[in-house]
Amino acid sequence: MSNPHTSRRRFLAGLGATGTAALLSGCVTSTSSSKSSSDGAVTLQSNVSAPQAKAAMEDLVAAYGKKGTGDVNLNTVAAETFRTQLPTYLTSANPPDVYTWYPGSVADAYAKKNLLLGLDDLWGSSELKGYSKALHSLCTSSSGKKVFVPATYYWWGMFYRKSNFAKWGVSEPKSWDDFLDLCDKLKSKGVAPIGLGAGGNTAWVASAWFDYLDIRINGAVYHRELLAGKHRFDDPEVRKVFDRWQEVLPYFDPNGTAGAFQDATTALLNGRSGMMLIGTFFADAAPKDALDDIDFFRFPIIDPKVPLAEEAPTDGYFASARTGRKDGVLDLLGYLATAEAQEIYIKGSSGTVLPCHPDAKDSGTPLVQKGRKHIEEAAEITQFFNRDSSDALQPTADTALTKFLAKPKEIGSILTDWQREAEKIWNA
C-alpha cells in the first residue's frame with residue numbers, strides 16, 4: 001500500500017453498527033431443508049433493539065416500502081435472544097429471509113454450512129462495485145462467494161461524559177501509567193473508575209477488554225491467529241494479557257458483572273462510574289440531550305512497538321439460502337446497500353455510526369469526526385471477539401472471562417479450561 005492513510009480510509013469506507021426488539025412469533029419451526037414461501041413480504045429479522053436504532057430501522061423499512069418494488073415485514077428481536085437463536089433461524093423449515101448481523105468469519109461460518117444466499121450478482125452491480133476492497137474481502141466467504149451486504153461501521157473506545165471529567169478535574173490519559181493515575185483519582189473521589197456491564201445476558205462486553213489488551217500487548221495479527229486456533233489460550237502470551245488486566249481490576253465497578261451493559265451505561269451517564277470500554281452503539285439508548293456531552297479516548301497504548309490496532313466492527317445483512325423470495329431479497333439488499341438507505345439509518349439513530357457506502361454522509365458531529373480520525377490512524381483493524389472468530393466461540397470467552405473477573409487468582413486453570421472448550425469448537 002503506497003499510501004497507508006488513504007488505504008485505511010478506503011478500508012474503513014465500510015465497517016458498522018446496528019441493533020432491534022419484539023420477539024418473533026411463528027416464523028421459525030423445526031430444522032429441515034424446506035424453503036420459505038415465495039408468497040408475501042420479505043421478512044427482515046433484526047437484532048437492532050435500542051430505541052433510537054429500532055426507530056431508525058423502521059424508518060428504513062418505510063422508505064423502502066415507498067419505492068413500491070416490494071414489501072418488508074420487520075421482526076425486531078432482543079439482541080441477546082437473536083444471537084442465541086440465529087442458528088435456529090437459519091436452519092428452520094420456514095426461515096426469515098434477511099438478517100442483520102456481521103460479515104467476516106461469523107458470516108463465513110454459516111456460509112460453510114450452506115446456510116447463506118450467494119450475492120455475487122448483487123455485488124456485480126454499480127452500487128456495490130464502488131465499495132472498498134477491504135469490504136469486498138470482508139463480505140466474501142472462504143469459498144469465494146459474496147454472502148454479505150455491509151451497511152455501517154463504528155468504533156470502540158473508553159467513553160466518558162465531558163462534564164463529569166471537568167467536574168472531577170481529570171483529563172484523558174495518554175499512556176497506561178496515566179490511565180492508572182486517572183483510575184486512582186476517580187476512586188479517591190468515590191467514583192467507580194471503570195464501568196463494565198458484563199452481567200445479565202451481556203457477558204460478551206468483557207471480551208472487549210480481552211481484545212484490547214491482546215492487540216495492545218501481542219498485536220492484531222497474533223490476536224486473529226489466536227481466535228482462529230493457531231495459538232493456545234493457555235500460552236504465555238495470553239497470560240500476559242491477564243497479568244496486565246489484574247492491574248486494573250481494583251478499579252472496576254464492583255457491580256460490573258451484576259448488571260447488563262445497559263445498566264452500566266446508565267451508571268456512566270449518571271456519574272456513578274467514570275468511563276467505560278464500549279462501542280458507540282451504547283449511545284442509541286442515551287438521552288438525546290446527553291449526546292453532545294459524550295466523548296472518548298483511545299484504549300491506552302501499552303507497548304509502543306506493537307502496531308496500533310483498533311476495534312471497528314462492521315454491521316449489515318445476509319440472507320437465508322432457503323428463501324423462496326430471492327428476487328425480493330435481492331431488491332431489498334440492493335436498496336440497503338445504497339447511500340440513501342445508510343443515511344436514513346444514521347439520521348434516525350444516535351448518528352454515532354459511519355456509513356459503508358463511499359458516497360454516504362455521516363452525521364458530521366465532533367464525536368463522529370473524532371471517531372473517524374481515531375480509526376483511520378490505526379495500522380490494523382479488528383472486529384470483535386466473535387466477529388474475528390465465530391458465534392460458537394463467544395460463549396467460551398463469556399465463561400472464561402466471567403470466571404476471571406470473579407476469581408482472578410485462578411487464571412491458570414481458567415485458561416486451561418478455556419483452551420479445552422475452544423478446541424471443541426475449532427475441531428467440530
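In this structure the side chain of Ile294 reaches within 4.5 angstrom of the side chain of Phe282, judged on heavy atoms.
The shortest non-hydrogen separation linking Ala309 to Ile215 is O-CD1, 3.8 Å. Between Met276 and Thr265 the shortest heavy-atom distance is SD-N, 4.1 Å. Heavy-atom minimum distance, Phe159 versus Gly279: CE1-C, 4.5 Å. Summarising the geometry of Ala337 relative to Gln342, their closest heavy-atom pair is O-NE2, 3.4 Å, with the distance given to 0.1 Å. Residues Trp168 and Gly271 share a closest heavy-atom pair of CZ2-O, 3.5 Å. Annotation for Ala283 and Gln52: closest pair O-NE2, 3.7 Å, computed over non-hydrogen atoms.
Between Phe82 and Tyr89, the ring-plane angle classifies as perpendicular under the 30° and 60° cut-offs. Taking the six-membered ring where tryptophan is involved, the planes of Phe296 and His374 are perpendicular, since the angle between them exceeds 60° and thus also 30°.
Under the rule for a side chain to side chain contact (heavy atoms under 4.5 Å, CB included), the partners of Val306 that lie at least two apart in sequence or sit in another chain are Asp303. In this view, Tyr335 and Tyr64 satisfy the ring pair (Phe, Tyr, Trp, His ring centres under 6.0 Å) rule, not counting sequence neighbours. Residues satisfying the side chain to side chain contact (heavy atoms under 4.5 Å, CB included) test with Ala111, not counting sequence neighbours, are Asp108, Leu116, Ser141, Val147. Evaluation of the side chain to side chain contact (heavy atoms under 4.5 Å, CB included) rule for Lys407 yields Glu410 as partners, not counting sequence neighbours. The side chain to side chain contact (heavy atoms under 4.5 Å, CB included) check on Thr365 picks up Ser363, Leu367, Val368, with sequence neighbours excluded. Contacts of Thr396 classified as side chain to side chain donor-acceptor pair (under 3.5 Å), with partners at least two apart in sequence or in another chain: Trp418. Annotation: ring pair (Phe, Tyr, Trp, His ring centres under 6.0 Å) contacts of Phe385 (sequence neighbours excluded): none.
A donor-acceptor distance shorter than 3.5 angstrom exists from the side chain of Thr352 to the backbone of Thr280, with no hydrogens or angles considered. Looking only at distances, a side-chain donor or acceptor of Thr399 sits under 3.5 Å from a matching main-chain atom of Pro395. With hydrogens and angles ignored, the 3.5 Å screen pairs a side-chain donor or acceptor of Gln369 with a backbone N or O of Gly364. Without hydrogens or angle criteria, Arg161 side chain to Leu269 main chain gives a donor-acceptor distance under 3.5 Å. A donor-acceptor contact shorter than 3.5 Å links the side chain of Ser390 to the backbone of Leu393. No donor-acceptor pair closer than 3.5 Å links the side chain of Thr100 to the backbone N or O of Tyr317. Remark: the backbone N or O of Gly412 is paired with a side-chain donor or acceptor of Thr416 at under 3.5 angstrom. Here the side chain of Ser105 pairs a donor or acceptor atom with the backbone of Ser389 at under 3.5 angstrom. Formation of a donor-acceptor pair under 3.5 Å by the Ser188 side chain with backbone atoms of Lys185 is found in this model. Thr266 places a side-chain N or O within donor-acceptor distance of the main-chain N or O of Gln262, the cut-off being under 3.5 Å.
Checked against the 6.0 Å centroid criterion, the rings of Phe233 and Trp426 qualify as a close aromatic pair. The six-membered or imidazole ring of Tyr110 lies away from that of Tyr102, with a centre-to-centre distance of 6.0 Å or more. Taking the six-membered ring wherever Trp is involved, the centroid distance between the rings of Trp156 and Tyr212 does not fall below 6.0 Å. The ring of Phe210 has its center no closer than 6.0 angstrom to the ring center of Phe404.
Classification of Glu377 and Arg298 as a salt-bridged pair holds, one side-chain N sitting under 4.0 Å from a carboxylate O. In this structure, Arg420 does not pair ionically with Glu423, as no charged nitrogen and carboxylate oxygen lie closer than 4.0 Å. By the 4.0 Å N-to-carboxylate-O rule, Asp97 lies close enough to Arg325 to be salt-bridged with it. Electrostatic pairing of Lys162 and Asp293 does not count as a salt bridge here, judged by no charged N lying under 4.0 Å from a carboxylate O.
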Exercise. Go through the steps to decide whether Leu117 and Val98 satisfy the test side chain to side chain contact (heavy atoms under 4.5 Å, CB included), and finish with yes or no.
Key: CA-CA 9 Å; Leu117 183 67; Val98 178; over 6 Å; no

Practice problem: Evaluate side chain to side chain contact (heavy atoms under 4.5 Å, CB included) for Cys356 paired with Thr314, printing each intermediate quantity in order. | Solution: CA-CA 8 Å; Cys356 289; Thr314 302; 4.2 Å; yes

Exercise. Output, in order, the C-alpha distance, side-chain angles, deciding distance and verdict of salt bridge (Lys or Arg N to Asp or Glu O under 4.0 Å) for Lys424 and Glu421.
Key: CA-CA 5 Å; Lys424 294 177 184 178; Glu421 294 305 310; 3.1 Å; yes

Quiz item: Val42 and Thr323: side chain to side chain contact (heavy atoms under 4.5 Å, CB included), yes or no, with the steps?
Solution: CA-CA 9 Å; Val42 170; Thr323 179; over 6 Å; no

Exercise. Begin from the C-alpha positions of Asp181 and Lys174 and carry the test salt bridge (Lys or Arg N to Asp or Glu O under 4.0 Å) through to its verdict.
Key: CA-CA 11 Å; Asp181 287 343; Lys174 301 300 181 186; over 6 Å; no

Practice problem: Under the ring pair (Phe, Tyr, Trp, His ring centres under 6.0 Å) rule, what do Trp209 and Phe252 come out as? Steps first, then yes or no, please. | Solution: CA-CA 12 Å; Trp209 277 88; Phe252 275 68; 4.9 Å; yes

Quiz item: Passes ring pair (Phe, Tyr, Trp, His ring centres under 6.0 Å), Tyr222 versus His231? Steps please.
Solution: CA-CA 8 Å; Tyr222 176 90; His231 303 291; 4.2 Å; yes

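For the residue pair Gln394 and Ser207, a side-chain donor N or O sits within less than 3.5 Å of a side-chain acceptor on the partner. Checking Asp315 against Tyr154 by side-chain atom types alone, no donor-acceptor pair falls below 3.5 Å. Residues Asp284 and Ser350 have side chains that bring a donor and an acceptor to within less than 3.5 angstrom of each other.
Each of Trp155, Phe384, Phe261 was compared with Phe281 under the ring pair (Phe, Tyr, Trp, His ring centres under 6.0 Å) criterion, and only Phe261 meets it.
For the salt bridge (charged side-chain N to carboxylate O under 4.0 Å, His left out) condition, the pairs that include at least one residue of residues 340-366, sequence neighbours left out, are Asp362-Arg372. Residues in residues 248-258 take part in no salt bridge (charged side-chain N to carboxylate O under 4.0 Å, His left out) pair, two or more places apart or across chains. The stretch residues 200-221 participates, sequence neighbours left out, in these salt bridge (charged side-chain N to carboxylate O under 4.0 Å, His left out) pairs: Arg216-Glu310.
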Can you give me every donor-acceptor pair (side chain of residues 123-130, partner residue at least two apart or in another chain, under 3.5 Å) with its distance?
unit_1: Trp123; atom_1: NE1; unit_2: Phe148; atom_2: O; d: 2.8
unit_1: Ser125; atom_1: OG; unit_2: Leu122; atom_2: O; d: 2.7
unit_1: Glu127; atom_1: OE2; unit_2: His357; atom_2: NE2; d: 2.6

Which atom pairs, donor and acceptor, lie under 3.5 Å between side-chain atoms of residues 236-247 and protein residues at least two apart or in another chain?
unit_1: Gln246; atom_1: NE2; unit_2: Pro408; atom_2: O; d: 3.4
unit_1: Glu247; atom_1: OE1; unit_2: Trp176; atom_2: NE1; d: 2.9

